[in-house]
Structure formats: C-alpha cells, structure tokens
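As structure tokens, the structure follows; a few thoughts come after it.
Order of the sequence lines sets the chain letters (A, B, ...), proteins ahead of strands, with each chain counted from 1.
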2 protein chains.
Amino acid sequence: MKNTQNLSTIFIIDDDASIGNMLEEILKKEGYQVLRAYSGTEALFVLERQKPDLILLDLMLPGLDGREILPKIKGIPVIVISARAETEDKVSLLLSGAADYMTKPFDTRELLARIVVQLRNPSVAGTASALEFAGISLSADTHQVSVWGLPVKLTRTEYAILKLLMANPSQVITKTLLLERISEDTPDCMESSLRVHISNLRKKLRDAGGQDYIESVWGIGFKMKEIEN
Amino acid sequence: MKNTQNLSTIFIIDDDASIGNMLEEILKKEGYQVLRAYSGTEALFVLERQKPDLILLDLMLPGLDGREILPKIKGIPVIVISARAETEDKVSLLLSGAADYMTKPFDTRELLARIVVQLRNPSVAGTASALEFAGISLSADTHQVSVWGLPVKLTRTEYAILKLLMANPSQVITKTLLLERISEDTPDCMESSLRVHISNLRKKLRDAGGQDYIESVWGIGFKMKEIEN
DNA sequence: CGCATTTTTTACCGGTTCCGGACAACAGAA
DNA sequence: TTCTGTTGTCCGGAACCGGTAAAAAATGCG
C-alpha cells in the first residue's frame, strides 16, 4: 500500500550528488515530493519558507555541519544518514533530536520502511488548524481566540500556552513541558513567569467566559478543566 | 535536574531470561518502571490491565509469535528486538507497526537512546501508563486516581508511592526502594516520613474504597493486598 | 528617539505538603 | 509473659507551591 494519494514532501539534505540523486529517484518513484539542499546553510534557507513532512539529513556537509543544523529543526522528523557507525555518534544524534539514524551503506527498502514509520506518526505533521473546547475556539492561522463568540486578545505566550493545553484536553501538561515549548531556549528558572502567564490567561478567559477554564494540578502542572454540560 | 517525576513504564516481552534480566536491570538503573512477560499470551494478558509507555518485543517467543501480537498492540510504540538482520524482516515488521527495530547483539547505549526517542514523542492521545488494580485506577495522563469510579485526590508523593506499588502488584516493595524513588534529592529521607505517607495514602484509599489496599510486610516494606472478588 | 505592549522579575500571602519527633499499638523472640 | 524492635498515627513547625499585583526589563512600532 503506497502513499499514492497522500504525497508527502521529503527534504533531502546531502552534498553528495550521487546518493542524493539516487534517493530522489527512489522517493519519487514511491510517490513522494522531493526537496533538495546541498549544504547546511541552504537547508536552513529552504526551511524558512517550506515545511516538508520529513527530512533526510546527511551528516557530512560543507559549511554547517549536520550536527549544527539538527537543533534548528523543530517539528519535523529527521532521519540522519551517516557513514559513521559508532555508537557514540548514533546516541548523540538521537538524543539531539534525530528521529532515526541509518548507517551508510544502507538498504533502500529499509530506509523506505523507516520513512513510512516516521510519516505514519500523526504528531506534528498536521498541526490542527482549529481547536475547540467548551466554548473556547482557537484558530491557528488567524491566531485568534474567542470564548462563546467573544473575541479575546491574547499575547503570543498566552496563545501558545492555551494551544498546548487545548491540544490535549483533560490531560495534565507538566510545567517543564510548558516551559520548554513556550520559551525554547531559556536555560531555566522562569517557572515564576509561567505562573504569571497562566494567571493573566485565566483572567482574560474568565472575563470573557465567566468561568475558570484552567485547572492546576499541585506539583505537576496544568490542564483544561473538565466541564460538564 | 533529572526527570525524577516522569518515570515511564517499559514492558519487556522476551522469553530469554538472561537478556530480559539484563535489560530490566539497565532500564531500572535509568529510572524506568519495568514490566515483564515471557510469552506472547502472557504479554496480551498483561496489556489488558496495564498500559505501559513503550514495549520492547523480542520476536522469538514461545506460543504466540512476536509477529502475531504486534498488530494487537495499539497506541503504544514497540521496539522490536530480533536476532534476524535480514532487510525483509526489518521492513515487514516496521510496516506492520513497529516503531523501531534493533538487531541482536545490540549496544545498550543505542537502545537507550532509541527508547528516549520513542518516549519523547508527544504520544498519541491514547492513555499511556494507566494502571488498574482491584477497583483502583491510576491514569498518568490526568494524574488522577479513582477507586470504583470515585476520584481520590492524592499528593504528589502519595501518587508516586501508589504508582510504584501498583506497577508491581503482589510484589513487596522495600522501604529503601520507595525512599529512593520518592524523594530523590533528599539525602536520606527519614523512614518515619514514609510511614506517614503510607498512612495518609491508606486513609484516603480507605475512605473511598472501604477497605485497606496496602499490606505491610514486617521488616521489609509494603505491597498491594491481594483481593479476591 | 519615545511610547505601548509584552515578558520577566520580584515580592508577598495563603494554602498545601512534607518532615521528623513522640508515643501508643503491634509482632516476634526468648 | 516480658522485652525488643517495628509499625501506625497524631501533631507542630518548616519548606514548598500557586495566585496575584506591581515593578523592572525587554521588545516592538512608528
């Protein structure tokens, strides 16, 4: 069963033309859309305007190393392809955010299978465009939120928090997870800020909807309150 | 700081005791909760009552083959471990739903990294890490506990204790182990405190369920009481 | 540059939870 | 039984956490 309908876009980042061409050919034969980049800087440039569903990243790159661009990729699964077979390399790359690691030379059938595995994941691929929860509606494209029709003006952070909470209703979101998602690269110690943001968000929602929507779980984090009609 | 709170449960399905024991030891050292099963049928039986966060599945199993139980697992990532290195095996297993595939012998560091990759996934909305025992249900998602449907409000420590006890039902948990897991950053948290926590936990469960669920083993520790219907 | 908005820090309060001692109740050994 | 070590529970103080307001710092905008 091939992906003949749901053609996903795969981004090949590889300076080696021969391997890249072979991959492109195989992937296209499988019905995938293919993007190409031949250096790390080029890859980042492409990623600024396009959002592929999967990235095949060769580590040996001119200019920016693969290791350096991996942390800059967010929300897209990355399969690292490398000639290095040492465990240290695999471990460090996987822990740095890679979704999988294949050693050259590899069997293309296995690569194709592992690509399917990644694309099968409904994680970030289709970022839900609209969320709805007990009167709160949140649209991703317009970045607007309304409670029972009344528009509510939220700041960027408040919006991010609410989105994360509404994406997993009735599930506790850890404070650490919230902090990671909201302010990506601050080392630590803004747990107090989170409290303030939650407080402000609560207030705005309460002013618009008349009730408190966010529940705090002592010592753990926050969740959307279960509302019974 | 280490993730003391979010210890995930990993389910090892392997009939080979030596490999299984080694895995269990390593995983526990990493702070994971471990479940074991030694056959396919046993694995399915366990999965009816518990929902781990990840499954390590050895293909060579007595009775039900690993291939047969893989399709029955839904919503939990499965890392297949097998001695067969042929591409056909990898491909078929990956396409059948496996999240990853490791060939024996493998480097445990790589396995640990790949486990992290799977657990890192903002997992399927499905309820992971749910435990059920004689009317007590404990869900990791909502961080809530209920006895025969009645919600019980537990402290963070109480929750941790109960989770540890319920993860290994009818097995004595030593006081020292409980102390290690619960207050990771207190040098030697007094044993008297643990007694208090257990006492409070007992009281809350008793108030909701009408009976005492925790049994104390003189001089050793605690375990869940065996309850006959 | 000045101004407005947003984010972060700081401080404080009230409530929750934890700790560890005290002491009675209990189980096991002699 | 008596003695000894363990367990269950009560309790006060300490430490911690969460909510909010106000100030300070950072950011965006014209």
Using side chain to side chain contact (heavy atoms under 4.5 Å, CB included) as the criterion, point out the one residue from A/Leu59, A/Val78, A/Leu57, A/Asp100 that pairs with A/Leu93.
A/Leu59

Outermost DNA chain D nucleotides near chain A [under 4.0 Å, heavy atoms]:
D/dC17 to D/dA21

Counting primed atoms plus P, OP1 and OP2 as sugar-phosphate and everything else as base, spell out the protein contacts along nucleotides 24-30 of chain C at 4.0 Å heavy-atom distance: B, S or - for each nucleotide, 5' to 3'.
---S---

With sequence neighbours left out, what residues match B/Ser199 under side chain to side chain donor-acceptor pair (under 3.5 Å)?
none

Evaluate whether atom CZ of B/Arg206 has more than 12 neighbouring non-hydrogen atoms of other residues, nucleotides or ligands under 6.0 angstrom away.
yes

Extract from the structure each pairing of a protein N or O with an N or O of nucleotides 3-7 of chain C at less than 3.5 Å, listing the distance.
{"residue": "C/dT7", "atom": "OP1", "partner": "A/Thr157", "partner atom": "N", "Å": "3.1"}
{"residue": "C/dT7", "atom": "OP1", "partner": "A/Thr157", "partner atom": "OG1", "Å": "2.4"}
{"residue": "C/dT7", "atom": "OP2", "partner": "A/Thr155", "partner atom": "OG1", "Å": "2.6"}
{"residue": "C/dT7", "atom": "OP2", "partner": "A/Thr157", "partner atom": "OG1", "Å": "3.3"}
{"residue": "C/dT7", "atom": "O5'", "partner": "A/Thr157", "partner atom": "OG1", "Å": "3.1"}

Assess whether atom CZ of B/Phe106 is packed by more than 12 heavy atoms of other residues, nucleotides or ligands within 6.0 Å.
yes

In whole angstroms, the gap separating P of C/dG20 from CG of B/Leu179 amounts to 11 Å

Donor-acceptor contact below 3.5 Å, side chain A/Arg202 vs main chain A/Ile214
yes

B/Arg195 CZ to C/dG21 C1': how many Å, rounded?
10 Å

With sequence neighbours excluded, residues passing side chain to side chain donor-acceptor pair (under 3.5 Å) with A/Ser137:
A/Ser146

Once rounded to the nearest 0.5 Å, what's the spacing between atom CG of B/Asn168 and atom CD of B/Gln33?
5.5 Å

Pairwise side-chain contact, B/Ile161 with B/Phe222, heavy-atom cut-off 4.5 Å (strictly under):
no

Can you tell me if B/Arg36 and B/Asn21 form a side-chain donor-acceptor pair at under 3.5 Å?
yes

My understanding is that only residues two or more places apart in sequence, or in another chain, count here; which of them pass side chain to side chain donor-acceptor pair (under 3.5 Å) with A/Ser82?
A/Tyr101

Within the structure shown, what part of the strands sits under 4.0 Å from A/Tyr159 by heavy-atom distance: base, sugar-phosphate, or nothing?
nothing

